[in-house]
Amino acid sequence: MSVLAVQSLCVEAHGKPLLKDVSFTVGAGEIVAITGESGSGKSMTALSVMRLLPHRVEQTSGTILLDGQDLGALSERAMCQIRGGRIGMVFQEPMTALNPVQTIGDQVAETVWLHSGATRDQARARARDMLNRVGLNEDSFPLSRYPHELSGGQRQRVVIAMAIAERPALLIADEPTTALDVTTQLQILDLLKDLVSEFHMGLLIITHDLAVVASLADRLVVMRNGEVVESGATDEVLRMQTHPYTRALFEASRHQAYLPPIPEAESGKRLLEVRDVVRRYPLPKQGMFQPRRHHVAVDRVSFTVSKGERVGLVGESGCGKSTLTRAILGLEPVQAGDILIDGVQPDRARGRVQVVFQDPYGSFNPRHRVERLIAEPFHLLPSPPNRMQRSLQVAEALEAVGLPAAAAERYIHEFSGGQRQRIAIARALILRPELIVLDEAVSALDVSVRAKILDLLADLSARYHLAYLFISHDLSVVRSITDRVMVMKAGKIVEDGPTVRILDNPDHPYTRELLAAAPRLPNFSQGRRDTHAAESI
Amino acid sequence: MLRFLAQRVGSLIGSLLVASLVIFLVIEVVPGDPAAVMLGVNARPDTIAALRAELGLDGSAVSRYLSWVAGMLQGDFGVSYTYRTPVAEMIADRLWVSVPLALYALCLTVAIAIPAGLLAASRRGRMGDYGVIGVTQIGIAVPNFWFAMILILIFAINLRWFSAGGFPGWDEGIGAGLRALTLPAIALALPQAAILTRVMRSALVDVLGEDFMRTARAKGLSQSAAIWRHGLRNGLIPVLTIIGLQFAFLLAGGIIIEQVFALPGLGRLIFQAISQRDLIVVESVVMLLVFAVILTNFLVDLAYAVVDPRLRKHP
Amino acid sequence: MSGGRRASWSFLTGAVLVSLFAIAALVSVIWTPHDVSGMNISARMKAPGGDYLLGTDHFGRDMLSMIMAGAQTSLAVAIIAVGIGMAAGVPLGLAAAANRGWLDELIMRANDLAFAFPALVIAILITAVFGPSAVNAIIAIGIFNIPVFARLTRGAALSLWTREFILAARVAGKGAVRISAEHILPNIANLLIVQGTIQFSLGVLAEAGLSYVGLGAQPPTPSWGRMLADSQTLVGLAPHLALVPGMAIILSVLGLNLLGDGLRDMLDPKLRVVRT
C-alpha cells in the first residue's frame, strides 16, 4: 500500500481554483517528484498534504490518505502529531527556515521531544545522532551552534535532521536545493536519496528542475495550472514524452540557442580589458592594536573581451563574480589594477556598456512608465534626443525585443517576468552599446520563458554587433549563449577558454567538480530532432 | 563579547559628553546675569560680583564647563541660586518619587502590553484582534494628564478610594507610598501600554510570516505553541527598543503627571526652578533626564545581545 | 501594486474627524459663536446646552468658541512642527543613505543624540532660556521630529539603494542627488505621508501637554492644554470643563491616527511606520 495517496484534491482561494482534481501516490522507499513551472500548484500540493495552507486558501474536495488514514478527518490537534512525527518537511530557503535565536541542537531536539515524550537529555542525544547522520559531526557542529554560524548547505542539513528525527513515513521536500550551489545541491540530493533507502520512507520532492528529477525520482508528476498533465515512471515519462506539455518542458530545459558566428571584421578587436584587478573589503578589527584584515573578493583578475564576443563567467555564490561585474560597470571602486573599455575607464564609457539584472521585479522603478524606464540611459548623452526622437527610439527598442510599441505607455507591474526581462534588454539596447553585462539575467525565469529570452539574446548579438559578458551559476545556460567561458573560484579565474572545450574537456579540477555536480538531463534521442545538444548538461 | 561591551561603553561616554556640552551651551546663551537677576535691580555691583564668585559664574566658559562636568562626576551639581542648598541633595530627594513612579508605570505598561499584543497577534483578523486594536487606537489618543484628571474625578473625588494628590513619603511605609503612586502610574502607563501593544502585535505578526514559523508548524507545533516557543523571543527584539524609549518617556512624562497629582518629584522641582530662573537646577535636572535616556538605550543595546545571538559575535 | 484600493472605514472616519477640526480652526479665524475672551460672570460654569452649546468656563467664556480657537493653535503648532521635522529630517536621511560613509556616521550620531532629548526636555531648556511661548513649543516639537524623519528616511532609502533599479540608474550615469530626487523620494513618499500624519497627532498631544504645564501658548492665546490646566481645581464642580477640551484632543488625535492607518492601508499595506 502506498504511504501517501492524494485523490482528486481541489484547492481554492477566494473561489478561484488553485488545484484541480490532483491525484497521485507515493510508496514506501519511493521518490516521487512533482515538477512544473511557477503557478503550476506544485508547492500548494505539498502544503495541502501538511494541511498548512495559507490563510483563506481552502481545500474544497478530495482526500489525502497517509498509510490509509484520512488526514482530512483528523482534528488540528491530531494533525500536529502527524506533522513532524509521520510527515517531515524540508523547505526551499535554508537561510530563513531556522529560528535565528535558538541553537540548532534545541531546534532538532524539539521535534523529538514533541513527538516521543523523551526527556530533555534523551531528546538532545537523539538530536546529536540525527545531526551526525546528516553529516554535521560533533566536533565541528556542537548542539550549541546558532544558525547564523552555518552555511546554507549546512543549515539545510539541520532542517533535514529536524524533518527526519522521528523517522517519518513520508518526507516532503519543497525545492530543497534551489537556493544552493550545484556542488552543495549534489550532496544534499545524495543525502536525501540515502535517507530514503535507509529509513524506507516515501519522499515527495517538489522541483522545477527536470535535470534534478531525472537523476533522482522513481516516478514523476508533471503539473500545469493546478492540474496534473502527466504522471508515471520517470524514465517512461521522459522517454515517451507523450504529453505535448511535458515535451515542451523537456525541450525548453535543454534548449540551445543558435549563436550566430562573430563577424570576421569584428573578431579579435579588444573591447573590455581587465588587468590585475583587486577588490578588497575591510573586515571589522579584531582588536584595537591588531592590523585591519581584509576580505579579498576579487584577487588579481585579468581577462579581455573582444568586440562581438560572448563571454560567460561562471562560479558559485561568493566567488566574487558579482563584485567583478559591478566594478566593470563602474559601480564599485577597485583597489588595484585597471578596467578599460576601449582604453578608457568604465565611468567614462558608461554609454558603451549596459546591464541587465537578474530580478525582473526589482529592476524597474514601479512609478515610471515603460517609456521613461527604457529612456533612462539617455541621461548619459550630452544632448538627449527630443521627445519625438525619444519615443521613436523607445518604440524601436521595444520592437527589437519583441514587444509592441504601445507597451511604452504602460506601467511595469502590467508585465510578466519574461516581458520585464525583455524591457530590461530594451533599456540596455537603447544607447546601442557595444557590451551588455547580463548578471544572472535568465536565472529567475521559468524554463520555457528562459529559452525564448536566450533566443532573443543570440539574435540581438548579431543584429547589433553586441559583445556579452554573461554571468551565471548555471552551466547549461552558459553553454547555450557563449563563445568563451571563464570559471571563477574564491576571487580568481581558474580557467578560461572556448565554451565547448571547457565544458567538454575541462583542465582545472574545480571545473571538473562543477560539471560533475551539475544534474544532467538524460539524452533520449529516439530519432527526434537532436541538434548539437547531445552532450547537453 | 568583551569587545562589544567596550564599544558600547565608549559610545555611551561619548554621547554623555556631547549631550552635556549641548545643554551647557544652551544655558550659556541665557540673556542676563543670574546673579543680577537674583539680587534685584537695586543691587550694588560689588555685591553682584561677590555672588558671581560664590556661584562660580566668573571665569571662562571652558573652565566653567569643565568644572561643571568634573563636579557632576563627583556627585556635585553645584548650589541652587534660589535656595543656596546643594542641587544634588534637592535632586536626590525628588528622585525617590520620580524613579519609583516611572518604574511602577513601566511594569504596568509591560504587564498590559505583552499579553494584549500576544492575544491580538494570535487572533489576527478576528474579533479579539479588532477589539485590541480599537482600544489601543483610543489609548494612543488620550493625553495622559487628562486621563489623570479623569482618574482623580472618578477614584478620588467620587469614589474616594485614593487621595487626589500629594505624597506621604516612604517613611509612612511602602504600602502607603505605592498607594499614592498608583493613580499617577496608571495615568502614565495606559497610553504607553496602548503604543507598546501595537508594537508587540505588529512585531509578532511580522514574525508569524517568517519561514522559521512555518518550519515550527511543520515540526508539529500548534499555532499557539509555535508563537510561544519561537515567535515571542524573535518578536521581542523590536519591542525592546520601544520599551527602552518608553522608560525615558515615562521619566520625562512623569514631570507632567507629577503636576496633576502634586507629587514632590523632579517635575515640581524643575517648574519651580524655571519660574525662579534657577538655571543651575534646570541644567542639572535636564542633564539627569538626558543621562537616563542615554543609559536606557545602552541597557537596551546590551539586552539585544542577550536576546539575539547574532549580535554577540562579529563576523 | 500601488493605489487602487478602496478607502477603508478608518480612512473615512479619520478624514471626517480631521476635516471637522480643520474647518473649526479655519472658521474661528473669522467667526466664533461668542467672543473668545468675552467674560460673562453671570453665566459662569454653565453646563452644555442652550445658548452655550458646550457650556461656559469659570469666567463665563463660551467653551465652543474657545475649542474652535484652540484648534487653530493646536493644528498650527503641530503642522509647523511636522514641517520642520520633514524639511530637515528627510534631506538628512537621504544624504545619509546616499553617502554611507562619514556623513552617514555623523548624521546618525547626531540623530542618536537628538533622540536623547524628549520634546518636553527641549521645551524645558528653551523656556528656561527664552521664556514660555507657542513658538517655543513649535521649535521643541519640531526638533524632536527631525531625528524621527531622518531615521525613517534613511532606513527606507538604504533598502532602496540596494535595489536593481537604482543600480540601473547608476549605470545610466545618474548621480546620488538626482537618484535621490527621482527614484528614492517618490518611492518613500507614501511612507513619509503616513508617518507625517502620525507625527502630526503626536504634535497635537505634545502641544496640549506643554501648554498644560505652562511651557506652550500663553494667555490670551486660546489653547486646549491650558483650558485643561485652568479646569484642574474645578473638575469636581463642573466636569465638562475637563471633558470638553479632553474630548477635543482625543478626537483630533484619534482622527489623525485613523487617517494615517487608513492611508497606509490604501497606499501600501507593507509600510513600516515607527510609533513612539
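Quick caveat: nothing in here was measured; it's all calculated off a predicted structure. A, B, ... follow the sequence lines: proteins, then strands. Residue 1 opens every chain.
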Subject >> Ion pair check, D206(B) and R201(B), cut-off under 4.0 Å >> reply: no
Original post:
Between D112(C) and R151(C), is there a side-chain N and carboxylate O pair less than 4.0 Å apart?
Top reply: yes
Original post:
Taking every heavy-atom pair that is under 4.5 Å apart, which of V285(B), L289(B), V260(B) has the most such pairs with chain C?
Top reply: V260(B)
Original post:
Is it the case that more than 12 heavy atoms not belonging to Y304(B) sit under 6.0 Å from its OH atom?
Top reply: yes
Original post:
Which answer fits L196(B), side chain, backbone, both or neither, if we ask what part of it has an atom under 4.5 Å from a heavy atom of chain C?
Top reply: neither
**OP:** Return yes if a side-chain donor-acceptor contact under 3.5 Å exists between S98(B) and E258(B), otherwise no.
**Re:** yes
**OP:** Check the side chains of R198(B) and T136(B) for a donor-acceptor pair under 3.5 angstrom, ignoring hydrogens and angles.
**Re:** yes
Original post:
Among I256(B), T296(B), I152(B), I138(B), who wins on heavy-atom pairs under 4.5 Å with chain C?
Top reply: I256(B)
Subject >> Working for ring-ring contact (aromatic ring centres under 6.0 Å, His included), residues W224(C) and F21(C) >> reply: CA-CA 13 Å; W224(C) 295 342; F21(C) 281 98; 5.7 Å; yes
**OP:** Flag the one option from L125(C), L258(C), L256(C), V204(C) with the top tally of heavy-atom pairs under 4.5 Å to chain B.
**Re:** L125(C)
Subject >> L243(C) versus chain B, the contacting section by heavy-atom distance below 4.5 Å >> reply: both
Subject >> Top contributor to chain B interface from I250(C), I249(C), L254(C) [non-hydrogen pairs under 4.5 Å] >> reply: I250(C)
Original post:
Of all of I150(B), N158(B), I157(B), V286(B), which one pairs up most often with chain C through heavy atoms under 4.5 Å apart?
Top reply: V286(B)
Original post:
With chain C, which of V282(B), L153(B), N144(B) has the greatest number of heavy-atom pairs at distances under 4.5 Å?
Top reply: L153(B)
